[in-house]
Participant: 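Structure incoming, see below.
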Amino acid sequence: MSRLTRTGVLRAVVVFGALAAFPFVFPAQWIVNIAIFTLMYAGLATAWNLLGGFSGYLSLGHAAFFGVGAYAIAIAFTHIGIGGSGYKPFFALPLVGIVVALVSVPIAWVALRVRAATFAIVTLTLLFVVQQLAFNLHHLTHGSQGLALPPPPFDVSTFEQPFYFAMLGVFALAFFTCWWVKGSKLGLMLFSIRDDEDRARGVGVRVTGAKVIAFALSVGFTGMLGGVWAYYIQFIYPQFAVDPLITIGAVLMAFLGGKGTVWGPTVGAFILVPAQQYMAYKLGASELYLLGYASVFLLIMLFLPRGIIPSISDHLARRRSGRPDEPPGAVASAPRATLPGGMAP
Amino acid sequence: MSATLLGVSGLTKRFGGVAAVNGCSFQVDEGTITALIGPNGSGKTTAFNMITGYLPADSGEVTFAGRAVKRPNPTRLYRAGLTRTFQQARVFPGLTLLENLTVAISQPWRTLLRRNVAARDRERALTLLEEFGLERLGDRPAGELSFGQRKLLEFATVLMGEPRLVLLDEPTAGVNPVMVEQIERHVRELHARGLTFLIVEHDMHLVMRLCNPVIVLDGGATIKQGPPAEVQSDRAVLDAYLGT
(Lines give C-alpha, C1' and ligand atoms only; values in the text may rest on other atoms or scores of the structure.)
Protein backbone atom coordinates (compact mmCIF):
# COMPACT_ATOMS: atom_id res chain seq x y z
CA MET A 1 0.00 0.00 0.00
CA SER A 2 2.98 2.27 0.48
CA ARG A 3 3.16 4.78 -2.32
CA LEU A 4 6.97 4.80 -2.49
CA THR A 5 8.19 1.31 -3.25
CA ARG A 6 11.92 0.75 -3.65
CA THR A 7 11.66 -0.36 -7.26
CA GLY A 8 9.43 2.62 -8.01
CA VAL A 9 11.92 5.12 -6.59
CA LEU A 10 14.82 3.35 -8.29
CA ARG A 11 13.05 3.44 -11.64
CA ALA A 12 12.35 7.17 -11.30
CA VAL A 13 15.93 7.96 -10.25
CA VAL A 14 17.33 6.02 -13.22
CA VAL A 15 14.96 7.55 -15.76
CA PHE A 16 15.28 11.14 -14.56
CA GLY A 17 19.06 10.71 -14.12
CA ALA A 18 19.33 9.51 -17.70
CA LEU A 19 17.15 12.39 -18.89
CA ALA A 20 19.35 14.94 -17.06
CA ALA A 21 22.49 13.47 -18.66
CA PHE A 22 20.94 13.14 -22.12
CA PRO A 23 21.88 16.51 -23.71
CA PHE A 24 25.51 16.04 -22.64
CA VAL A 25 25.67 12.56 -24.13
CA PHE A 26 23.87 13.52 -27.34
CA PRO A 27 24.64 17.22 -27.79
CA ALA A 28 23.64 17.37 -31.47
CA GLN A 29 21.06 20.16 -31.81
CA TRP A 30 18.55 18.21 -33.85
CA ILE A 31 18.52 15.40 -31.29
CA VAL A 32 18.05 17.78 -28.36
CA ASN A 33 15.32 19.47 -30.38
CA ILE A 34 13.40 16.21 -30.67
CA ALA A 35 14.06 15.53 -26.99
CA ILE A 36 12.58 18.90 -26.02
CA PHE A 37 9.32 18.09 -27.81
CA THR A 38 9.33 14.60 -26.35
CA LEU A 39 9.59 16.01 -22.84
CA MET A 40 6.95 18.62 -23.60
CA TYR A 41 4.49 15.96 -24.69
CA ALA A 42 5.45 13.68 -21.80
CA GLY A 43 4.59 16.61 -19.52
CA LEU A 44 1.36 17.39 -21.37
CA ALA A 45 0.22 13.77 -21.35
CA THR A 46 1.13 13.38 -17.67
CA ALA A 47 -0.71 16.58 -16.75
CA TRP A 48 -3.74 15.52 -18.81
CA ASN A 49 -3.67 12.15 -17.07
CA LEU A 50 -4.06 13.83 -13.70
CA LEU A 51 -7.60 14.76 -14.70
CA GLY A 52 -8.50 12.50 -17.64
CA GLY A 53 -6.79 9.34 -16.46
CA PHE A 54 -7.55 9.62 -12.76
CA SER A 55 -11.07 11.05 -12.70
CA GLY A 56 -12.21 9.83 -16.14
CA TYR A 57 -13.10 13.34 -17.31
CA LEU A 58 -11.67 13.29 -20.83
CA SER A 59 -10.75 16.88 -21.61
CA LEU A 60 -10.14 17.83 -25.23
CA GLY A 61 -9.49 21.45 -24.36
CA HIS A 62 -6.14 21.37 -22.61
CA ALA A 63 -4.52 23.16 -25.55
CA ALA A 64 -6.51 26.24 -24.50
CA PHE A 65 -4.46 26.44 -21.31
CA PHE A 66 -1.29 25.59 -23.19
CA GLY A 67 -2.02 28.63 -25.34
CA VAL A 68 -2.81 30.81 -22.34
CA GLY A 69 0.57 29.89 -20.83
CA ALA A 70 2.32 30.55 -24.12
CA TYR A 71 0.69 33.96 -24.56
CA ALA A 72 1.26 34.85 -20.91
CA ILE A 73 5.03 34.47 -21.34
CA ALA A 74 4.98 36.06 -24.79
CA ILE A 75 2.96 39.09 -23.72
CA ALA A 76 4.84 39.58 -20.45
CA PHE A 77 8.21 39.66 -22.22
CA THR A 78 7.25 41.74 -25.23
CA HIS A 79 5.05 44.77 -24.85
CA ILE A 80 4.30 44.82 -21.15
CA GLY A 81 8.00 45.56 -21.07
CA ILE A 82 9.49 43.55 -18.27
CA GLY A 83 12.93 44.44 -19.58
CA GLY A 84 15.40 41.89 -20.84
CA SER A 85 14.90 38.22 -21.33
CA GLY A 86 17.71 35.69 -20.78
CA TYR A 87 16.63 33.28 -18.07
CA LYS A 88 13.88 35.52 -16.75
CA PRO A 89 10.99 33.82 -18.59
CA PHE A 90 11.94 30.56 -16.93
CA PHE A 91 11.71 32.12 -13.50
CA ALA A 92 8.27 33.45 -14.37
CA LEU A 93 7.00 29.92 -15.08
CA PRO A 94 5.81 29.07 -11.55
CA LEU A 95 3.78 32.27 -11.57
CA VAL A 96 2.29 31.32 -14.96
CA GLY A 97 1.36 27.90 -13.57
CA ILE A 98 -0.31 29.36 -10.50
CA VAL A 99 -2.20 32.02 -12.44
CA VAL A 100 -3.43 29.54 -15.07
CA ALA A 101 -4.52 27.14 -12.31
CA LEU A 102 -6.41 29.88 -10.46
CA VAL A 103 -8.05 31.23 -13.62
CA SER A 104 -9.17 27.70 -14.47
CA VAL A 105 -11.05 27.20 -11.20
CA PRO A 106 -14.31 28.95 -12.17
CA ILE A 107 -14.09 27.47 -15.68
CA ALA A 108 -13.59 24.00 -14.23
CA TRP A 109 -16.43 24.49 -11.79
CA VAL A 110 -18.82 25.14 -14.68
CA ALA A 111 -17.39 22.62 -17.17
CA LEU A 112 -17.28 19.80 -14.62
CA ARG A 113 -21.01 19.97 -14.10
CA VAL A 114 -21.41 17.86 -17.21
CA ARG A 115 -19.94 14.43 -17.80
CA ALA A 116 -18.50 12.10 -20.38
CA ALA A 117 -19.00 13.13 -24.00
CA THR A 118 -20.61 16.44 -23.05
CA PHE A 119 -17.58 17.36 -20.98
CA ALA A 120 -15.29 16.54 -23.91
CA ILE A 121 -17.34 18.81 -26.18
CA VAL A 122 -17.52 21.64 -23.62
CA THR A 123 -13.73 21.60 -23.21
CA LEU A 124 -13.25 21.43 -26.96
CA THR A 125 -15.45 24.50 -27.30
CA LEU A 126 -13.34 26.24 -24.68
CA LEU A 127 -10.32 25.62 -26.89
CA PHE A 128 -11.91 27.46 -29.80
CA VAL A 129 -13.06 30.27 -27.53
CA VAL A 130 -9.47 30.84 -26.42
CA GLN A 131 -8.26 30.59 -30.01
CA GLN A 132 -10.77 33.25 -31.08
CA LEU A 133 -9.65 35.44 -28.19
CA ALA A 134 -6.07 35.08 -29.36
CA PHE A 135 -7.14 36.19 -32.84
CA ASN A 136 -9.22 39.10 -31.66
CA LEU A 137 -7.44 40.63 -28.67
CA HIS A 138 -5.27 42.29 -31.25
CA HIS A 139 -3.58 44.86 -29.02
CA LEU A 140 -2.25 42.04 -26.80
CA THR A 141 -1.64 39.17 -29.19
CA HIS A 142 -1.23 40.94 -32.54
CA GLY A 143 -3.89 38.54 -33.79
CA SER A 144 -3.04 36.44 -36.78
CA GLN A 145 0.18 38.38 -37.39
CA GLY A 146 1.61 36.54 -34.45
CA LEU A 147 3.80 37.64 -31.62
CA ALA A 148 7.59 37.51 -31.66
CA LEU A 149 9.46 37.05 -28.39
CA PRO A 150 12.85 38.63 -27.75
CA PRO A 151 15.56 36.23 -28.95
CA PRO A 152 17.15 34.31 -26.09
CA PRO A 153 20.80 35.33 -25.69
CA PHE A 154 22.11 31.79 -25.32
CA ASP A 155 25.32 30.49 -26.85
CA VAL A 156 24.65 28.92 -30.25
CA SER A 157 26.41 25.64 -29.51
CA THR A 158 24.32 24.90 -26.42
CA PHE A 159 21.30 26.97 -27.38
CA GLU A 160 18.72 24.21 -26.75
CA GLN A 161 19.97 23.22 -23.32
CA PRO A 162 18.17 25.78 -21.15
CA PHE A 163 14.89 24.88 -22.87
CA TYR A 164 15.61 21.20 -22.48
CA PHE A 165 16.09 21.58 -18.74
CA ALA A 166 13.08 23.87 -18.37
CA MET A 167 10.90 21.25 -20.10
CA LEU A 168 12.47 18.52 -17.99
CA GLY A 169 11.82 20.53 -14.84
CA VAL A 170 8.14 21.11 -15.56
CA PHE A 171 7.69 17.52 -16.73
CA ALA A 172 9.33 16.23 -13.52
CA LEU A 173 7.09 18.48 -11.44
CA ALA A 174 3.99 17.16 -13.23
CA PHE A 175 5.24 13.59 -12.98
CA PHE A 176 5.93 13.66 -9.24
CA THR A 177 2.66 15.46 -8.58
CA CYS A 178 0.88 12.70 -10.48
CA TRP A 179 2.77 10.07 -8.53
CA TRP A 180 1.99 11.70 -5.21
CA VAL A 181 -1.67 12.22 -6.02
CA LYS A 182 -2.07 8.62 -7.14
CA GLY A 183 -1.11 7.36 -3.70
CA SER A 184 -3.06 10.01 -1.79
CA LYS A 185 -6.59 10.43 -0.58
CA LEU A 186 -7.17 12.83 -3.47
CA GLY A 187 -6.19 10.01 -5.83
CA LEU A 188 -8.59 7.64 -4.13
CA MET A 189 -11.37 10.21 -4.48
CA LEU A 190 -10.59 10.73 -8.17
CA PHE A 191 -10.56 6.98 -8.86
CA SER A 192 -13.89 6.56 -7.11
CA ILE A 193 -15.28 9.35 -9.31
CA ARG A 194 -13.93 7.58 -12.40
CA ASP A 195 -15.58 4.31 -11.36
CA ASP A 196 -18.99 5.63 -10.30
CA GLU A 197 -19.42 9.30 -9.53
CA ASP A 198 -22.98 9.08 -8.20
CA ARG A 199 -22.02 6.36 -5.83
CA ALA A 200 -18.98 8.40 -4.75
CA ARG A 201 -21.32 11.27 -3.84
CA GLY A 202 -23.38 8.79 -1.86
CA VAL A 203 -20.45 7.77 0.33
CA GLY A 204 -19.41 11.29 1.22
CA VAL A 205 -16.73 11.93 -1.39
CA ARG A 206 -16.65 15.67 -2.10
CA VAL A 207 -16.58 15.15 -5.83
CA THR A 208 -16.74 18.75 -7.06
CA GLY A 209 -13.79 19.85 -4.95
CA ALA A 210 -11.68 16.87 -5.96
CA LYS A 211 -12.44 17.36 -9.66
CA VAL A 212 -11.74 21.11 -9.59
CA ILE A 213 -8.41 20.56 -7.80
CA ALA A 214 -7.38 17.91 -10.35
CA PHE A 215 -8.43 20.21 -13.20
CA ALA A 216 -6.49 23.17 -11.82
CA LEU A 217 -3.32 21.14 -11.23
CA SER A 218 -3.61 19.56 -14.65
CA VAL A 219 -4.00 22.81 -16.60
CA GLY A 220 -1.47 24.64 -14.41
CA PHE A 221 1.29 22.31 -15.62
CA THR A 222 -0.08 22.54 -19.14
CA GLY A 223 0.19 26.33 -19.03
CA MET A 224 3.79 26.16 -17.78
CA LEU A 225 4.74 23.86 -20.65
CA GLY A 226 3.10 26.34 -23.04
CA GLY A 227 5.27 29.08 -21.57
CA VAL A 228 8.52 27.19 -22.18
CA TRP A 229 7.35 26.26 -25.66
CA ALA A 230 6.60 29.89 -26.59
CA TYR A 231 10.03 31.06 -25.49
CA TYR A 232 11.69 28.21 -27.35
CA ILE A 233 10.02 28.68 -30.71
CA GLN A 234 10.06 32.50 -30.27
CA PHE A 235 7.18 33.23 -32.59
CA ILE A 236 3.60 32.26 -31.83
CA TYR A 237 0.29 32.80 -33.52
CA PRO A 238 -3.21 31.63 -32.58
CA GLN A 239 -3.68 28.47 -34.70
CA PHE A 240 -0.29 27.25 -33.59
CA ALA A 241 -0.40 28.07 -29.88
CA VAL A 242 -3.98 26.91 -29.37
CA ASP A 243 -3.88 23.85 -31.58
CA PRO A 244 -6.33 20.97 -31.16
CA LEU A 245 -3.55 18.65 -32.34
CA ILE A 246 -1.62 19.41 -29.15
CA THR A 247 -4.46 18.04 -27.04
CA ILE A 248 -5.10 15.13 -29.39
CA GLY A 249 -1.40 14.22 -29.28
CA ALA A 250 -1.26 14.30 -25.48
CA VAL A 251 -4.48 12.30 -25.14
CA LEU A 252 -3.28 9.73 -27.64
CA MET A 253 -0.02 9.27 -25.72
CA ALA A 254 -1.85 8.81 -22.44
CA PHE A 255 -4.10 6.19 -24.03
CA LEU A 256 -1.15 4.41 -25.65
CA GLY A 257 0.90 4.18 -22.46
CA GLY A 258 -2.07 3.60 -20.19
CA LYS A 259 -4.19 6.36 -18.72
CA GLY A 260 -4.60 6.33 -14.98
CA THR A 261 -1.09 4.96 -14.46
CA VAL A 262 1.90 7.05 -13.37
CA TRP A 263 4.27 5.97 -16.15
CA GLY A 264 1.82 5.37 -18.98
CA PRO A 265 1.64 8.89 -20.46
CA THR A 266 5.44 9.18 -20.34
CA VAL A 267 5.91 5.85 -22.09
CA GLY A 268 3.37 6.88 -24.69
CA ALA A 269 5.14 10.19 -25.34
CA PHE A 270 8.59 8.59 -25.52
CA ILE A 271 7.29 6.24 -28.21
CA LEU A 272 5.07 8.56 -30.22
CA VAL A 273 6.98 11.84 -30.40
CA PRO A 274 10.28 10.45 -31.76
CA ALA A 275 8.27 8.18 -34.09
CA GLN A 276 6.27 11.17 -35.32
CA GLN A 277 9.42 13.25 -35.89
CA TYR A 278 10.99 10.32 -37.70
CA MET A 279 7.92 9.97 -39.90
CA ALA A 280 7.92 13.70 -40.55
CA TYR A 281 11.54 13.50 -41.74
CA LYS A 282 10.83 10.44 -43.87
CA LEU A 283 7.50 11.54 -45.30
CA GLY A 284 8.53 15.12 -45.84
CA ALA A 285 6.95 18.13 -44.26
CA SER A 286 3.47 17.04 -45.30
CA GLU A 287 0.86 16.10 -42.77
CA LEU A 288 1.06 12.45 -43.74
CA TYR A 289 2.24 11.73 -40.22
CA LEU A 290 -1.37 12.28 -39.18
CA LEU A 291 -2.20 9.06 -41.03
CA GLY A 292 0.44 7.39 -38.89
CA TYR A 293 -1.21 8.88 -35.80
CA ALA A 294 -4.60 7.60 -36.84
CA SER A 295 -3.29 4.10 -37.48
CA VAL A 296 -1.53 4.00 -34.11
CA PHE A 297 -4.77 5.08 -32.43
CA LEU A 298 -6.74 2.37 -34.22
CA LEU A 299 -4.19 -0.28 -33.30
CA ILE A 300 -4.27 0.73 -29.62
CA MET A 301 -8.05 0.64 -29.54
CA LEU A 302 -8.09 -2.79 -31.10
CA PHE A 303 -5.24 -4.55 -29.35
CA LEU A 304 -4.38 -2.59 -26.19
CA PRO A 305 -7.58 -0.81 -25.20
CA ARG A 306 -6.20 -0.16 -21.73
CA GLY A 307 -2.73 0.90 -22.88
CA ILE A 308 0.76 -0.55 -22.63
CA ILE A 309 1.45 -0.32 -18.89
CA PRO A 310 -1.80 -1.89 -17.61
CA SER A 311 -1.59 -4.66 -20.20
CA ILE A 312 1.99 -5.51 -19.23
CA SER A 313 1.41 -5.34 -15.49
CA ASP A 314 -1.69 -7.54 -15.79
CA HIS A 315 0.30 -10.04 -17.76
CA LEU A 316 3.12 -10.02 -15.18
CA ALA A 317 0.68 -10.36 -12.28
CA ARG A 318 -0.89 -13.38 -13.91
CA ARG A 319 2.47 -14.97 -14.59
CA ARG A 320 3.52 -14.43 -11.00
CA SER A 321 0.35 -15.94 -9.61
CA GLY A 322 0.72 -18.92 -11.92
CA ARG A 323 -2.49 -18.30 -13.78
CA PRO A 324 -2.69 -18.60 -17.54
CA ASP A 325 -3.59 -15.53 -19.56
CA GLU A 326 -7.29 -15.07 -19.56
CA PRO A 327 -9.56 -12.24 -20.62
CA PRO A 328 -10.40 -9.86 -17.76
CA GLY A 329 -14.05 -10.82 -17.90
CA ALA A 330 -13.26 -14.42 -17.01
CA VAL A 331 -11.82 -13.40 -13.65
CA ALA A 332 -15.08 -11.95 -12.41
CA SER A 333 -16.97 -15.20 -12.83
CA ALA A 334 -14.78 -17.07 -10.37
CA PRO A 335 -13.97 -14.62 -7.60
CA ARG A 336 -13.19 -17.24 -5.00
CA ALA A 337 -10.71 -18.97 -7.24
CA THR A 338 -8.60 -15.87 -7.79
CA LEU A 339 -6.55 -16.09 -4.64
CA PRO A 340 -4.13 -18.93 -5.20
CA GLY A 341 -1.51 -19.79 -2.59
CA GLY A 342 1.13 -17.70 -4.28
CA MET A 343 -0.74 -14.48 -3.52
CA ALA A 344 -1.15 -15.07 0.20
CA PRO A 345 1.17 -13.02 2.41
CA MET B 1 -42.32 5.26 20.40
CA SER B 2 -39.02 7.07 20.18
CA ALA B 3 -38.16 10.22 18.26
CA THR B 4 -38.65 10.64 14.54
CA LEU B 5 -35.34 10.34 12.71
CA LEU B 6 -36.56 10.84 9.16
CA GLY B 7 -39.72 12.73 8.30
CA VAL B 8 -41.16 12.93 4.82
CA SER B 9 -44.20 15.02 4.05
CA GLY B 10 -46.00 15.76 0.82
CA LEU B 11 -43.11 14.55 -1.33
CA THR B 12 -44.00 14.79 -5.04
CA LYS B 13 -42.20 14.07 -8.29
CA ARG B 14 -43.68 14.25 -11.76
CA PHE B 15 -42.07 12.87 -14.89
CA GLY B 16 -44.02 14.63 -17.63
CA GLY B 17 -47.65 13.85 -16.91
CA VAL B 18 -46.92 10.90 -14.63
CA ALA B 19 -46.71 11.50 -10.91
CA ALA B 20 -44.19 8.88 -9.80
CA VAL B 21 -44.46 10.04 -6.22
CA ASN B 22 -47.55 11.99 -5.28
CA GLY B 23 -47.81 13.62 -1.87
CA CYS B 24 -45.96 10.84 -0.11
CA SER B 25 -45.71 11.23 3.68
CA PHE B 26 -44.28 8.94 6.33
CA GLN B 27 -41.79 8.92 9.15
CA VAL B 28 -39.04 6.63 10.31
CA ASP B 29 -38.55 6.45 14.06
CA GLU B 30 -35.12 6.12 15.56
CA GLY B 31 -34.17 2.54 16.40
CA THR B 32 -36.61 0.83 14.02
CA ILE B 33 -36.23 -1.35 10.99
CA THR B 34 -38.86 0.24 8.80
CA ALA B 35 -39.95 -1.32 5.52
CA LEU B 36 -41.15 0.60 2.49
CA ILE B 37 -43.17 -1.69 0.27
CA GLY B 38 -45.59 -1.36 -2.60
CA PRO B 39 -46.35 -2.81 -6.01
CA ASN B 40 -43.96 -2.19 -8.91
CA GLY B 41 -44.02 1.43 -9.99
CA SER B 42 -45.47 2.66 -6.72
CA GLY B 43 -42.61 5.15 -6.35
CA LYS B 44 -40.40 3.51 -3.73
CA THR B 45 -37.08 4.02 -5.48
CA THR B 46 -38.07 7.49 -6.68
CA ALA B 47 -38.86 8.41 -3.07
CA PHE B 48 -35.46 7.00 -2.05
CA ASN B 49 -33.75 9.07 -4.72
CA MET B 50 -35.43 12.25 -3.54
CA ILE B 51 -34.75 11.64 0.14
CA THR B 52 -31.06 10.99 -0.51
CA GLY B 53 -30.66 13.97 -2.84
CA TYR B 54 -30.13 12.16 -6.12
CA LEU B 55 -33.30 13.59 -7.59
CA PRO B 56 -34.72 17.04 -6.88
CA ALA B 57 -38.28 16.87 -5.56
CA ASP B 58 -40.99 18.97 -7.18
CA SER B 59 -42.47 19.68 -3.77
CA GLY B 60 -42.54 18.32 -0.28
CA GLU B 61 -40.34 18.38 2.76
CA VAL B 62 -37.76 16.07 4.23
CA THR B 63 -36.45 16.36 7.77
CA PHE B 64 -33.55 14.36 9.12
CA ALA B 65 -32.60 14.23 12.81
CA GLY B 66 -34.92 17.11 13.57
CA ARG B 67 -33.59 19.40 10.85
CA ALA B 68 -35.22 20.35 7.59
CA VAL B 69 -33.14 19.21 4.64
CA LYS B 70 -33.52 22.16 2.30
CA ARG B 71 -31.40 21.16 -0.66
CA PRO B 72 -30.75 17.45 -0.29
CA ASN B 73 -27.24 16.53 -1.41
CA PRO B 74 -25.94 12.95 -1.15
CA THR B 75 -22.50 13.95 0.11
CA ARG B 76 -23.75 16.25 2.85
CA LEU B 77 -26.45 13.79 3.93
CA TYR B 78 -23.91 10.98 4.13
CA ARG B 79 -21.72 13.13 6.34
CA ALA B 80 -24.75 13.95 8.47
CA GLY B 81 -25.45 10.23 8.96
CA LEU B 82 -27.97 9.32 6.26
CA THR B 83 -26.77 6.84 3.67
CA ARG B 84 -28.09 4.38 1.13
CA THR B 85 -27.32 1.38 -1.03
CA PHE B 86 -28.44 0.83 -4.60
CA GLN B 87 -30.59 -1.89 -6.09
CA GLN B 88 -27.84 -2.77 -8.58
CA ALA B 89 -25.11 -3.18 -5.92
CA ARG B 90 -22.80 -0.38 -6.91
CA VAL B 91 -19.15 -0.65 -5.89
CA PHE B 92 -15.97 0.94 -7.27
CA PRO B 93 -14.74 -1.89 -9.52
CA GLY B 94 -11.26 -0.45 -10.09
CA LEU B 95 -10.52 0.00 -6.38
CA THR B 96 -9.55 -2.80 -4.03
CA LEU B 97 -12.03 -3.82 -1.35
CA LEU B 98 -9.99 -1.98 1.27
CA GLU B 99 -9.93 1.15 -0.87
CA ASN B 100 -13.67 0.84 -1.46
CA LEU B 101 -14.15 1.06 2.28
CA THR B 102 -11.57 3.74 3.08
CA VAL B 103 -12.81 6.12 0.40
CA ALA B 104 -16.10 6.18 2.32
CA ILE B 105 -14.50 7.55 5.48
CA SER B 106 -15.34 11.24 5.63
CA GLN B 107 -12.04 13.10 5.49
CA PRO B 108 -11.31 16.78 6.08
CA TRP B 109 -9.76 18.70 3.18
CA ARG B 110 -6.39 19.12 4.88
CA THR B 111 -5.64 15.38 4.72
CA LEU B 112 -6.11 15.43 0.94
CA LEU B 113 -2.49 14.73 0.10
CA ARG B 114 -1.85 12.21 2.83
CA ARG B 115 -1.56 8.54 2.10
CA ASN B 116 -4.66 7.00 0.56
CA VAL B 117 -5.14 4.22 3.11
CA ALA B 118 -3.81 5.28 6.49
CA ALA B 119 -2.89 2.49 8.93
CA ARG B 120 -5.78 3.28 11.27
CA ASP B 121 -8.33 3.36 8.43
CA ARG B 122 -6.94 0.08 7.13
CA GLU B 123 -7.50 -1.54 10.53
CA ARG B 124 -11.09 -0.34 10.62
CA ALA B 125 -11.75 -1.49 7.08
CA LEU B 126 -10.22 -4.91 7.77
CA THR B 127 -12.40 -5.37 10.85
CA LEU B 128 -15.47 -4.60 8.82
CA LEU B 129 -14.40 -6.87 5.96
CA GLU B 130 -13.91 -9.65 8.50
CA GLU B 131 -17.45 -9.15 9.80
CA PHE B 132 -18.73 -9.53 6.26
CA GLY B 133 -16.47 -12.49 5.48
CA LEU B 134 -14.59 -10.67 2.74
CA GLU B 135 -11.22 -10.17 4.46
CA ARG B 136 -9.38 -12.63 2.19
CA LEU B 137 -10.22 -10.41 -0.78
CA GLY B 138 -9.09 -7.13 0.82
CA ASP B 139 -6.41 -6.35 -1.75
CA ARG B 140 -8.35 -7.58 -4.79
CA PRO B 141 -10.21 -5.17 -7.06
CA ALA B 142 -13.93 -5.06 -6.33
CA GLY B 143 -14.62 -5.71 -10.02
CA GLU B 144 -13.74 -9.35 -9.39
CA LEU B 145 -16.56 -9.88 -6.90
CA SER B 146 -19.75 -11.79 -7.60
CA PHE B 147 -23.05 -9.92 -7.47
CA GLY B 148 -23.83 -11.13 -3.96
CA GLN B 149 -20.39 -10.18 -2.70
CA ARG B 150 -20.83 -6.75 -4.23
CA LYS B 151 -24.06 -6.36 -2.25
CA LEU B 152 -22.17 -7.21 0.92
CA LEU B 153 -19.32 -4.85 0.05
CA GLU B 154 -21.74 -2.02 -0.72
CA PHE B 155 -23.47 -2.61 2.58
CA ALA B 156 -20.14 -2.63 4.43
CA THR B 157 -19.01 0.54 2.63
CA VAL B 158 -21.90 2.69 3.82
CA LEU B 159 -21.15 1.68 7.41
CA MET B 160 -17.74 3.39 7.21
CA GLY B 161 -19.40 6.78 7.56
CA GLU B 162 -20.88 5.84 10.96
CA PRO B 163 -24.44 6.45 9.77
CA ARG B 164 -27.54 6.81 11.92
CA LEU B 165 -29.97 5.81 9.19
CA VAL B 166 -29.27 3.38 6.37
CA LEU B 167 -31.60 3.13 3.39
CA LEU B 168 -31.34 -0.27 1.73
CA ASP B 169 -32.79 -0.52 -1.78
CA GLU B 170 -33.79 -4.16 -2.34
CA PRO B 171 -30.88 -5.64 -0.38
CA THR B 172 -31.76 -9.24 -1.24
CA ALA B 173 -32.84 -8.92 -4.89
CA GLY B 174 -30.87 -11.32 -7.07
CA VAL B 175 -28.98 -12.82 -4.14
CA ASN B 176 -28.84 -16.50 -3.22
CA PRO B 177 -30.76 -17.70 -0.11
CA VAL B 178 -27.62 -18.20 2.00
CA MET B 179 -26.57 -14.64 1.37
CA VAL B 180 -30.09 -13.38 2.09
CA GLU B 181 -29.73 -14.89 5.56
CA GLN B 182 -26.32 -13.29 5.93
CA ILE B 183 -27.68 -9.88 4.98
CA GLU B 184 -30.59 -10.32 7.39
CA ARG B 185 -28.18 -11.25 10.18
CA HIS B 186 -26.12 -8.11 9.53
CA VAL B 187 -29.20 -5.90 9.61
CA ARG B 188 -30.26 -7.43 12.93
CA GLU B 189 -26.78 -7.08 14.46
CA LEU B 190 -26.39 -3.48 13.36
CA HIS B 191 -29.89 -2.72 14.55
CA ALA B 192 -29.00 -4.14 17.94
CA ARG B 193 -26.07 -1.71 17.98
CA GLY B 194 -28.48 1.19 17.50
CA LEU B 195 -28.65 1.70 13.75
CA THR B 196 -31.96 2.60 12.11
CA PHE B 197 -32.96 1.08 8.77
CA LEU B 198 -35.39 1.94 6.01
CA ILE B 199 -35.67 -0.97 3.61
CA VAL B 200 -37.31 -1.30 0.21
CA GLU B 201 -37.87 -4.98 -0.31
CA HIS B 202 -39.97 -7.36 -2.40
CA ASP B 203 -39.39 -10.48 -0.31
CA MET B 204 -42.51 -10.28 1.89
CA HIS B 205 -41.42 -13.11 4.18
CA LEU B 206 -38.27 -11.18 5.00
CA VAL B 207 -40.19 -7.93 5.46
CA MET B 208 -42.76 -9.51 7.78
CA ARG B 209 -40.22 -11.17 10.05
CA LEU B 210 -37.61 -8.38 10.04
CA CYS B 211 -39.39 -5.06 9.84
CA ASN B 212 -41.68 -3.06 12.05
CA PRO B 213 -43.39 -0.82 11.09
CA VAL B 214 -44.21 -1.36 7.43
CA ILE B 215 -45.10 1.53 5.13
CA VAL B 216 -47.11 0.79 2.00
CA LEU B 217 -46.97 3.00 -1.07
CA ASP B 218 -49.39 2.85 -3.96
CA GLY B 219 -49.57 5.24 -6.87
CA GLY B 220 -46.88 7.37 -5.25
CA ALA B 221 -48.76 7.97 -2.00
CA THR B 222 -48.69 6.35 1.43
CA ILE B 223 -51.74 4.17 1.92
CA LYS B 224 -50.82 2.48 5.18
CA GLN B 225 -48.22 2.62 7.92
CA GLY B 226 -48.30 0.11 10.79
CA PRO B 227 -47.07 -3.15 12.29
CA PRO B 228 -46.68 -6.06 9.82
CA ALA B 229 -49.70 -8.03 11.05
CA GLU B 230 -51.98 -5.03 10.68
CA VAL B 231 -50.64 -4.22 7.21
CA GLN B 232 -51.10 -7.81 6.04
CA SER B 233 -54.80 -7.77 6.81
CA ASP B 234 -55.47 -4.26 5.58
CA ARG B 235 -58.11 -4.05 2.87
CA ALA B 236 -56.48 -1.16 0.94
CA VAL B 237 -53.10 -2.90 0.92
CA LEU B 238 -54.57 -6.12 -0.41
CA ASP B 239 -56.39 -4.18 -3.10
CA ALA B 240 -53.19 -2.42 -4.11
CA TYR B 241 -51.28 -5.67 -4.44
CA LEU B 242 -53.97 -7.86 -5.94
CA GLY B 243 -55.81 -5.20 -7.87
CA THR B 244 -59.55 -5.09 -7.65
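Convention: sequence-line order gives letters A, B, ...; per-chain numbering from 1.
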Participant: Does any heavy atom of chain A fall under 4.5 Å from the side chain of B:Ala118, the backbone, both, or neither of them?
Facilitator: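 Both backbone and side chain of B:Ala118 come within 4.5 Å of chain A.
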
Participant: Pick one: which of B:Val117, B:Asn116, B:Thr102, B:Leu101 meets side-chain contact (heavy atoms from CB on, under 4.5 Å) with B:Arg122?
Facilitator: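 Per the side-chain contact (heavy atoms from CB on, under 4.5 Å) rule, the option paired with B:Arg122 is B:Val117, out of B:Val117, B:Asn116, B:Thr102, B:Leu101.
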
Participant: Counting only non-hydrogen atoms closer than 4.5 Å, does B:Arg90 touch chain A with its backbone (N, CA, C, O), its side chain (CB onward), both, or neither?
Facilitator: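 Contact with chain A is through both the backbone and side chain of B:Arg90.
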
Participant: Run the ring pair (Phe, Tyr, Trp, His ring centres under 6.0 Å) test on A:Phe16 and A:Phe175 for me, step by step, so that the C-alpha distance in whole Å, both residues' side-chain angles and the decisive distance to 0.1 Å come before the verdict.
Facilitator: CA-CA 10 Å; A:Phe16 281 93; A:Phe175 179 88; 5.2 Å; yes

Participant: Heavy-atom distances under 4.5 Å only: say whether A:Ala210 touches chain B with side chain, backbone, both or neither.
Facilitator: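 Contact with chain B is through the backbone of A:Ala210 alone.
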
Participant: Considering only heavy atoms and a distance below 4.5 Å, find which of B:Ala104, B:Ser106, B:Ala142, B:Gly161 pairs most often with chain A.
Facilitator: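 Top count of heavy-atom pairs under 4.5 Å with chain A: B:Ala104.
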
Participant: Measure the acute angle between the ring planes of A:Trp48 and A:Phe255, then classify it against the limits of 30° and 60° as parallel, tilted or perpendicular.
Facilitator: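 Tilted: the ring planes of A:Trp48 and A:Phe255 meet at 30° to 60°.
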
Participant: Going by atom types only, do B:Asn49 and B:Arg84 share a side-chain donor-acceptor pair under 3.5 Å?
Facilitator: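 Yes, side-chain donor-acceptor contact under 3.5 Å.
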
Participant: Do we get A:Arg199 above B:Phe92's six-membered ring, with its NZ or CZ under 6.0 Å from the centre and within 45° of the axis?
Facilitator: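 Flagged: A:Arg199 positioned over aromatic ring of B:Phe92.
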
Participant: Using a cut-off of under 4.5 Å on heavy-atom pairs, state which of B:Arg76, B:Glu154, B:Met160 scores highest against chain A.
Facilitator: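 Result: the option with the highest number of such pairs is B:Glu154.
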
Participant: Does any heavy atom of chain A fall under 4.5 Å from the side chain of B:Thr111, the backbone, both, or neither of them?
Facilitator: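 For B:Thr111, the contact with chain A is made by backbone and side chain together.
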
